[in-house]
K.L.:
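The structure that follows is given in the form of structure tokens.
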Amino acid sequence: MLFTTFLSLSLACTITISSAQNASEIKEQLALEGIPALIHGDSGYIAASQAYNLRYTVEPIAIAYPTTSEQISTVVITGADQKLNVVARSGGHSYIANGLGGTNGSLVVDLSQMKNITVDLETGNAIIEPGNRLGDVALALNDAGRGLPHGRCTYVGIGGHSGFGGWGFASRMWGMTLDNIISATVVLANGSIVTASEDLNSDLYWAIRGSSASFGIVSSLEFHTHPVPSSATAFEFTWEMDIPTASAAFSAFQSWALNGSSIPPEFGGEIGFLKGQAYGQVEFAFLGNYFGPDDKFNETIAPFFGTLPTPDYANVTQGTWIEALTAIAAGNMNTSTQPDSNDTFYAKSLMAPESVPLTNDSMTALVTYLAEVGYNSSDFWHVEVELYGGSQSVINQIGLNDTAFAHRDTLFTFQPYASSPNLLPPYPDSGFDFVDGMVDSLTSHMPDDWQWGAYPNYIEDRLPDWQTRYYGSHYDHLRVLKAEFDPTDMFRFPTSIEE
């Protein structure tokens, strides 16, 4: 027994020393090529390896900071020599720390130093490096009179956002962020640097628009951008509602969304639920952007808004494109003005198909759950119900097989989200059951064969059938391409495409 204990301790020490030697070797090799890297024990390593979601504590073997495609290639080859899994980190907002590898020992390619943005004033196309965050992308493009569809959380990195989806309030008008990718420069597992486009490496081009990080490290993206609208509106309304009123409002929102030509593509919005002021109540929110003429806003929302009581809170901002984005943004548009924040949370997603709308029972069940179980929860929580569909939505007009994004029949995407009471660890065990119950309240009141999906940018590692929920009918083809482009499974993390 003593010998076994001694042997175990000796092996542990050997593994630790070996790991340290490998890390030092990696750092030295990269330094010879002018690539900074942080390893355990370096000043700045702890901060650099901190996950956005503080539920996760992950220790990469090294975090490298390349500034060119060639330097990324050097990092990848170094990782291959050490037989490490290599992961890309753009803005660092992966819900399950995939940008740090998800588990200990990954070599992280941190792209935060790659922030060039250039706009071709003749074509309007923009080349954007993946270290840019959404707020900074919006500001830079706006200076050229251009825009992209993307989310309103300004600190999210464009690399991961565009690699798996990229929904925002302009998406019904312009598609997902990934739908606007014209081409990409990609570093593959063998270190080669290639262009992926409709004409060059078209299979890779297909794969990176929906499951990017499993296939390579994208060092730049060429986007088709759009002239910014001449006017725009940001809006937010909230109500305190009891269960029958909130259930009716939810149902009215779905009816409005399904009503043929009722919602123009220039409208982008969502409803939301937050904790109510009393048991049996919820706070009901309606927010978004409208990119049509100012004087058409009230007319546009009237079919839905007219079914609701007078709001308790109303804020409508009309102005330019960038003013409307700023008014509804979560975070500073200029992300250099202050550091990013952190949270300790569990989130899920559910993409509800337009072809099989929600039943009244399912909508009432969710509202009831939130008004009763949610009121008794000490977590800070919310549920977003994002509008993807409607007959004029560009998102669903794009062919299912045109990209690896697998959900072109989506009416709503739900994001149930609950943080620890003070946003810091530890995360309460009860929080998992609470958030799971939000989704269960919907699915248990829908047909057994209801084909709901999940959104890869709201990633979780507790979803048992994640392959089907995230990637649907595309998963088998993604596996074939994974074997072609990454045969040693170097670009590996908990929810990467499997070998």
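Here, residue 1 is the first one in the sequence, and each next residue gets the next number.
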K.L.:
Scan F273, W256, F284, W239 and name whichever one has a ring pair (Phe, Tyr, Trp, His ring centres under 6.0 Å) with F250.
P.N.:
F273

K.L.:
Does CD1 in I46 sit with more than 12 non-hydrogen atoms of other residues, nucleotides or ligands closer than 6.0 Å?
P.N.:
no

K.L.:
Just wondering, do T403 and L178 contact through their side chains at under 4.5 Å, heavy atoms?
P.N.:
yes

K.L.:
Below 6.0 angstrom between ring centroids: does that apply to F304 and F286?
P.N.:
yes

K.L.:
Would you tell me whether D476 and Y471 have side-chain atoms, one donor and one acceptor, within less than 3.5 Å of each other?
P.N.:
no

K.L.:
For the atom pair CD (E499) and OG1 (T488), what is the distance rounded to the nearest 0.5 Å?
P.N.:
7.5 Å

K.L.:
Does N104, at its CG atom, have more than 12 non-hydrogen atoms belonging to other residues, nucleotides or ligands within less than 6.0 Å?
P.N.:
yes

K.L.:
Around D429, counting heavy atoms of other residues, nucleotides and ligands shown, do more than 12 lie under 6.0 Å from its CG?
P.N.:
no

K.L.:
Checking the side chain of N376 only, and the main-chain atoms of V373 only, is there a donor and an acceptor separated by less than 3.5 Å?
P.N.:
no

K.L.:
Quick check: closest heavy atoms across G159 and S90, and the distance to 0.1 Å?
P.N.:
N-OG, 3.2 Å

K.L.:
Can you confirm whether or not the ring centre of W174 sits under 6.0 Å from the ring centre of W167?
P.N.:
no

K.L.:
If we ignore hydrogens and angles and just use 3.5 Å, is the side chain of N132 paired with the main-chain N or O of E129 as donor and acceptor?
P.N.:
yes

K.L.:
Quick check: does any side chain N or O of T177 sit under 3.5 Å from a backbone N or O of G166, one acting as donor and the other as acceptor?
P.N.:
yes

K.L.:
Between the side chain of R469 and the main-chain N/O of L463, is any donor-acceptor distance below 3.5 Å?
P.N.:
no

K.L.:
Distance-only, no hydrogens or angles: does the D110 side chain make a donor-acceptor pair with backbone N or O of A64 under 3.5 Å?
P.N.:
no

K.L.:
Has the side chain of T410 got a donor or acceptor atom that lies under 3.5 Å from a matching backbone atom of F412?
P.N.:
no

K.L.:
Is the centre of the F237 ring less than 6.0 Å from the centre of the F305 ring?
P.N.:
yes

K.L.:
Within the 3.5 Å criterion, strictly below it, is a donor on S106 or N85 matched to an acceptor on the partner's side chain?
P.N.:
yes

K.L.:
Hey, does L387 have a side-chain heavy atom less than 4.5 Å from the side chain of E270?
P.N.:
no

K.L.:
Checking side-chain hydrogen bond (donor to acceptor under 3.5 Å, both in side chains) against E498, which of Q467, R479, K482 comes through?
P.N.:
Q467

K.L.:
Identify the two heavy atoms, one from M446 and one from T359, that lie closest to each other, and give their separation to 0.1 Å.
P.N.:
SD-N, 3.4 Å

K.L.:
Apply the test side-chain contact (heavy atoms from CB on, under 4.5 Å) to residues K275 and E283: give CA-CA distance (whole Å), side-chain angles for both, the deciding distance (0.1 Å), then the verdict.
P.N.:
CA-CA 6 Å; K275 187 174 184 176; E283 182 177 323; over 6 Å; no

K.L.:
Hey, what do you get for CG (N53) to CG (D343), rounding to the nearest 0.5 Å?
P.N.:
6.5 Å

K.L.:
Kindly determine whether Y313 and E236 satisfy side-chain hydrogen bond (donor to acceptor under 3.5 Å, both in side chains), including the steps that lead there.
P.N.:
CA-CA 8 Å; Y313 170 83; E236 183 176 6; 4.8 Å; no

K.L.:
Supply the atom-to-atom distance K348 NZ to F414 CZ, rounded to the nearest 0.5 angstrom.
P.N.:
14.0 Å

K.L.:
Please check if any side-chain donor atom of H226 sits under 3.5 Å from a side-chain acceptor atom of N180, or the reverse.
P.N.:
yes

K.L.:
Counting N and O atoms only, with roles assigned by atom type, does the side chain of R209 sit under 3.5 Å from a partner on the main chain of D179, one being a donor and the other an acceptor?
P.N.:
no

K.L.:
Keeping the roles fixed (side chain from N289, backbone from F169), state whether a donor-acceptor pair exists under 3.5 Å.
P.N.:
no

K.L.:
Quick one: pull up CG in L423 and CZ in F345 and give me the separation to the nearest 0.5 Å.
P.N.:
11.0 Å

K.L.:
Could you tell me whether the side chains of Y290 and E266 share a donor-acceptor contact shorter than 3.5 Å?
P.N.:
no

K.L.:
For the residue pair N401 and H474, establish whether any side-chain heavy-atom pair is separated by less than 4.5 Å.
P.N.:
yes

K.L.:
To check you understand the geometry: which heavy-atom pair defines the closest contact between A207 and L481, and what is its length?
P.N.:
CB-CD1, 4.1 Å

K.L.:
Do D242 and T245 get their side chains close enough for a donor-acceptor pair, meaning under 3.5 Å?
P.N.:
yes

K.L.:
For the side chain of Y369 and the backbone of F434, is there at least one donor-acceptor N/O pair under 3.5 Å apart?
P.N.:
yes

K.L.:
Which heavy-atom pair separates I459 from S94 by the least distance, and what is that distance?
P.N.:
CG2-OG, 4.1 Å

K.L.:
Take Y95 and Y417 through the side-chain contact (heavy atoms from CB on, under 4.5 Å) test and state the conclusion after the steps.
P.N.:
CA-CA 11 Å; Y95 283 11; Y417 186 115; 4.3 Å; yes

K.L.:
Could you report the tightest heavy-atom contact between P229 and M173, atom names first, then the distance?
P.N.:
CG-CE, 4.4 Å

K.L.:
For residues M490 and V76, determine if any side-chain heavy atom of one lies less than 4.5 Å from a side-chain heavy atom of the other.
P.N.:
yes

K.L.:
Is it possible for you to check whether R408 lies under 6.0 Å from the centre of the six-membered ring of Y388, through NZ or CZ, and within 45° of that ring's axis?
P.N.:
no

K.L.:
For L400 versus S473, what's the shortest heavy-atom pair and its separation?
P.N.:
CD2-OG, 4.2 Å

K.L.:
Would you say the side-chain atoms of H445 pair up with the backbone N or O of A365, donor to acceptor, closer than 3.5 Å?
P.N.:
no

K.L.:
Would you say the side chain of S420 lies within less than 4.5 Å of the side chain of P428, judging by non-hydrogen atoms?
P.N.:
yes

K.L.:
Apply ring-ring contact (aromatic ring centres under 6.0 Å, His included) to F267 and F235, showing your working.
P.N.:
CA-CA 11 Å; F267 176 87; F235 62 93; 5.7 Å; yes

K.L.:
Using side-chain heavy atoms (C-beta onward) and a distance below 4.5 Å, is I63 in contact with S49?
P.N.:
yes

K.L.:
For residues V282 and Y375, determine if any side-chain heavy atom of one lies less than 4.5 Å from a side-chain heavy atom of the other.
P.N.:
no

K.L.:
Please round to the nearest 0.5 Å and tell me the distance separating atom OG1 of T233 and atom CZ of F291.
P.N.:
9.0 Å

K.L.:
For N396 and H407, what are the C-alpha separation, side-chain angles and deciding distance, and is it a side-chain contact (heavy atoms from CB on, under 4.5 Å)?
P.N.:
CA-CA 8 Å; N396 293 349; H407 306 290; over 6 Å; no

K.L.:
Verify whether one side chain among N457 and H93 offers a donor that lies under 3.5 Å from an acceptor in the other.
P.N.:
no

K.L.:
Passes side-chain contact (heavy atoms from CB on, under 4.5 Å), T154 versus R133? Steps please.
P.N.:
CA-CA 6 Å; T154 59; R133 298 177 186 265; over 6 Å; no

K.L.:
One pair to check against salt bridge (Lys or Arg N to Asp or Glu O under 4.0 Å): D486 and R492. What are the steps and the verdict?
P.N.:
CA-CA 10 Å; D486 183 18; R492 185 174 68 255; over 6 Å; no

K.L.:
What distance do I181 atom CD1 and S162 atom OG have between them, rounded to the nearest 0.5 Å?
P.N.:
4.5 Å

K.L.:
Can you label the angle between the Y470 ring and the W466 ring as parallel, tilted or perpendicular, going by 30° and 60°?
P.N.:
tilted

K.L.:
Flag the pair H477 / Y475 as yes when their ring centroid distance falls below 6.0 Å, and as no otherwise.
P.N.:
no

K.L.:
Is it the case that the side chains of Q415 and S349 hold a donor-acceptor pair, with the cut-off being a distance below 3.5 Å and no angle test?
P.N.:
no

